[in-house]
Number of protein chains: 2
Amino acid sequence: MAVRGAVPEVIWARPERTGRGPRPAYTRDDIAAAAVRIADAQGLDAVSMRHVAAELGCGTMSLYNYVPRKEDLYELMVDAAGAEHELWEPGGDWRADMRRVARQTRELMRRHPWLPRLMSPVYGFSPHALRYLEHCLACLDPLEAAYGTKLELIAMLNGMVTTYVRNELDTAERVRALPWSEDEENAVRMAYLGGRIASGGYPRMAAAFMEDAGPIDLEAVFERAVERVIDAFAPR
Amino acid sequence: MAVRGAVPEVIWARPERTGRGPRPAYTRDDIAAAAVRIADAQGLDAVSMRHVAAELGCGTMSLYNYVPRKEDLYELMVDAAGAEHELWEPGGDWRADMRRVARQTRELMRRHPWLPRLMSPVYGFSPHALRYLEHCLACLDPLEAAYGTKLELIAMLNGMVTTYVRNELDTAERVRALPWSEDEENAVRMAYLGGRIASGGYPRMAAAFMEDAGPIDLEAVFERAVERVIDAFAPR
DNA sequence: CGTAGTTACGTACACCGTACGTAGTGCGGT
DNA sequence: ACCGCACTACGTACGGTGTACGTAACTACG
């Protein structure tokens with residue numbers, strides 16, 4: 001489609017091909033895949049129109065035939081990642097199914113560390129996001145609750161998983177832009193934090209750090225959090 | 001401090017004044033306040049080194065005497081916002097205190113809509129963030145649990161509030177960069193969503209939208225979520 | 001009192017998103 | 001069959017970004 005002017009539009013409502021004119025050299029999936037490849041390898045900030053175009057092997061401005069704004073490129077990326085969600089036949093135990101949903105989402109985000117940063121309710125209605133949402137609702141069929149409650153459960157679980165993975169990956173992703181290593185960054189921050197705690201102004205934090213001397217078990221923390229969210233919605 | 005080369009460093013460990021040389025024209029707080037003013041008025045994307053410098057009334061590069069990287073400017077902003085957290089004497093009812101914490105954080109983020117986007121565990125150890133964390137732990141003194149559990153509670157509540165407010169504000173903040181209005185954006189997305197649902201491919205989503213015809217009560221949803229998180233950590 | 005370390009800041013570079021103009025291509029309507 | 005138009009492709013250009021670097025003025029310490 002042409003529509004060169006600035007017009008409110010959802011990328012999913014725009015047809016990929018209109019029949020008139022030369023056939024496009026790439027599909028939307030090609031473009032999303034190229035952007036995802038770059039983001040996976042070099043981080044989200046490396047996803048520029050120029051880079052994606054170069055990865056595809058076309059001129060920068062040709063991209064704008066497929067994607068009216070960079071924002072829409074992000075939307076394609078999120079949907080492409082959502083396509084990796086594996087859906088299964090719900091087994092009747094909604095708690096088990098939700099656990100599986102949470103774990104799978106976490107794995108997806110660890111595979112694509114840029115995903116948490118792009119998560120937005122605005123992108124929540126892309127084709128694959130809709131499939132995913134419908135699947136979650138199907139998993140929740142055995143739960144006796146209003147759809148409103150079920151949607152709140154899904155939102156809370158998804159939000160928790162996103163926040164969790166983001167925190168887990170944040171330093172690693174952030175440090176890409178920095179001229180020093182993640183270890184150096186952590187070391188210098190820990191040294192500062194140690195100094196603050198030693199100042200005596202934060203007795204409870206000091207006690208907390210005394211208590212948990214060893215490295216924290218991320219898996220266990222995640223599993224506990226999932227269980228807590230699920231419990232919060234279980235009847236009784 | 002000079003340190004022109006790229007050296008790992010925490011902004012809070014760097015002294016504001018070293019004695020030698022002309023006295024700086026601004027304090028760190030001046031700079032943070034200027035950046036916050038711009039972000040509040042024009043959105044986070046308007047916070048550029050040039051804009052902030054202009055707001056202060058100095059040359060762009062002078063800012064780099066106070067803040068080695070833009071990243072650190074963000075850190076100052078988050079800390080400045082954290083300074084607005086009002087701390088109180090914990091009243092002995094940790095559930096009530098945590099409710100108050102959650103509501104206050106939400107209000108803070110609605111006052112500074114850019115805050116959710118900047119929330120990061122990396123910024124979690126700024127001076128005011130430390131005060132806030134210690135205060136939360138103090139509120140949790142009556143709760144009989146390990147400090148590890150208390151920290152998990154605080155993280156989950158904070159994360160939930162952040163996610164919630166972000167979702168609430170996302171379209172509004174995003175639409176600043178778009179050449180059309182928030183209403184147009186919403187209208188066009190709702191039209192698309194309506195079409196998808198009408199397609200019959202998502203029966204449960206269709207049922208969900210049938211159920212909740214009216215506009216959702218954001219306050220009630222938030223309060224329910226807070227209560228659920230608190231309940232998830234309450235003994236028994 | 002000299003000098004080293006600081007502040008101030010203009011210039012310059014590489015990169016970004018994207019508006020716009022132009023050329024070529026192939027389907028739809030006549 | 002063919003004309004015209006809607007489309008694809010893409011180079012150029014503009015206004016913006018973060019920040020490396022060079023230079024000049026200033027002040028506290030040895």
Side-chain angles (χ1 to χ4, degrees), chain A residues 1-7 9 14-28 30-31 35 38-39 42-77 174 176-180, chain B residues 1-7 9 14-28 30-31 35 38-39 42-77 174 176-180:
Chain A
M1 294 245 45
V3 191
R4 260 189 157 151
V7 166
E9 197 182 7
R14 162 199 281 234
E16 275 213 64
R17 175 114 173 80
T18 43
R20 216 51 159 262
R23 61 177 42 253
Y26 312 98
T27 67
R28 230 172 244 171
D30 291 337
I31 293 170
I38 292 174
Q42 298 163 252
L44 184 58
D45 293 335
V47 176
S48 72
M49 298 303 269
R50 281 171 241 257
H51 277 166
V52 174
E55 172 83 14
L56 280 170
C58 70
T60 304
M61 293 314 288
S62 306
L63 268 188
Y64 284 90
N65 286 319
Y66 302 86
V67 164
R69 281 158 296 116
K70 195 195 177 184
E71 189 76 18
D72 294 302
L73 181 59
Y74 286 151
E75 203 153 342
L76 290 189
M77 290 174 68
R174 243 174 40 88
R176 273 200 226 249
L178 268 43
W180 54 78
Chain B
M1 296 251 31
V3 191
R4 260 192 157 152
V7 167
E9 198 183 6
R14 162 198 280 234
E16 275 213 65
R17 175 115 171 79
T18 44
R20 223 41 165 261
R23 60 175 47 254
Y26 312 98
T27 67
R28 229 171 246 171
D30 291 337
I31 293 170
I38 292 174
Q42 298 162 254
L44 184 58
D45 292 335
V47 176
S48 72
M49 297 304 269
R50 280 169 241 260
H51 277 167
V52 174
E55 172 83 15
L56 281 169
C58 71
T60 305
M61 295 313 289
S62 307
L63 267 189
Y64 283 90
N65 287 319
Y66 303 86
V67 165
R69 281 158 296 115
K70 195 194 179 185
E71 189 75 18
D72 294 302
L73 181 59
Y74 287 152
E75 204 153 342
L76 291 188
M77 290 173 68
R174 244 173 40 89
R176 272 200 226 249
L178 268 42
W180 53 80

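Chain naming here is simple, since letters A, B, ... match the order of the sequence lines and numbering starts at 1 in each.
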Self-check item: Side-chain N,O (S62(A)) to OP1/OP2 (dC10(D)) below 4.0 Å
Solution: yes

Practice problem: Tell me, please, which residues at least two apart from A39(A) pass side chain to side chain contact (heavy atoms under 4.5 Å, CB included). | Solution: V47(A), M77(A), W114(A)

Practice problem: Go through the structure and list residues passing side chain to side chain contact (heavy atoms under 4.5 Å, CB included) with R23(A), not counting sequence neighbours. | Solution: R17(A)

Exercise. List in chain and number order the residues that pass side-chain hydrogen bond (donor to acceptor under 3.5 Å, both in side chains) with R176(A), two or more places apart in sequence or in another chain; answer none if no residue qualifies.
Key: E173(A)

Quiz item: In whole angstroms, how far is the P atom of dT23(D) from the CG atom of N65(B)?
Solution: 17 Å

Quiz item: Who are the side-chain hydrogen bond (donor to acceptor under 3.5 Å, both in side chains) partners of Y74(A), not counting sequence neighbours?
Solution: K70(A)

Exercise. Give the B/S/- string for nucleotides 12-21 of chain D, one per nucleotide from 5' to 3', where a protein heavy atom under 4.0 Å of the base yields B, of only the sugar-phosphate yields S, and otherwise -.
Key: B----BBBBB

Exercise. With sequence neighbours excluded, tell me which residues meet side chain to side chain contact (heavy atoms under 4.5 Å, CB included) with D45(B).
Key: R117(B)

Exercise. For E16(A) and T27(A), indicate whether the former's side chain and the latter's backbone hold a donor-acceptor pair under 3.5 Å.
Key: no

Quiz item: Can you tell me how far P of dC7(D) sits from CD of E16(A), to the nearest Å?
Solution: 15 Å

Practice problem: For A25(A), report the nucleic acid contact type (base, sugar-phosphate, nothing); a contact means any heavy atom under 4.0 Å. | Solution: sugar-phosphate

Exercise. Could you note down all residue pairs passing salt bridge (Lys or Arg N to Asp or Glu O under 4.0 Å) where residues 47-60 of chain B supplies at least one of them, sequence neighbours left out?
Key: R37(B)-E55(B)

Quiz item: Once each nucleotide of nucleotides 24-30 of chain D is scored for protein heavy atoms under 4.0 Å, what B/S/- sequence comes out, 5' to 3'?
Solution: --BBBS-

Self-check item: side chain to side chain contact (heavy atoms under 4.5 Å, CB included) against A46(B), all qualifying residues, sequence neighbours excluded
Solution: I38(B), Q42(B), H51(B)

Exercise. Send over the distance from Y66(A) OH to dT18(C) C1', rounded to a whole Å.
Key: 18 Å

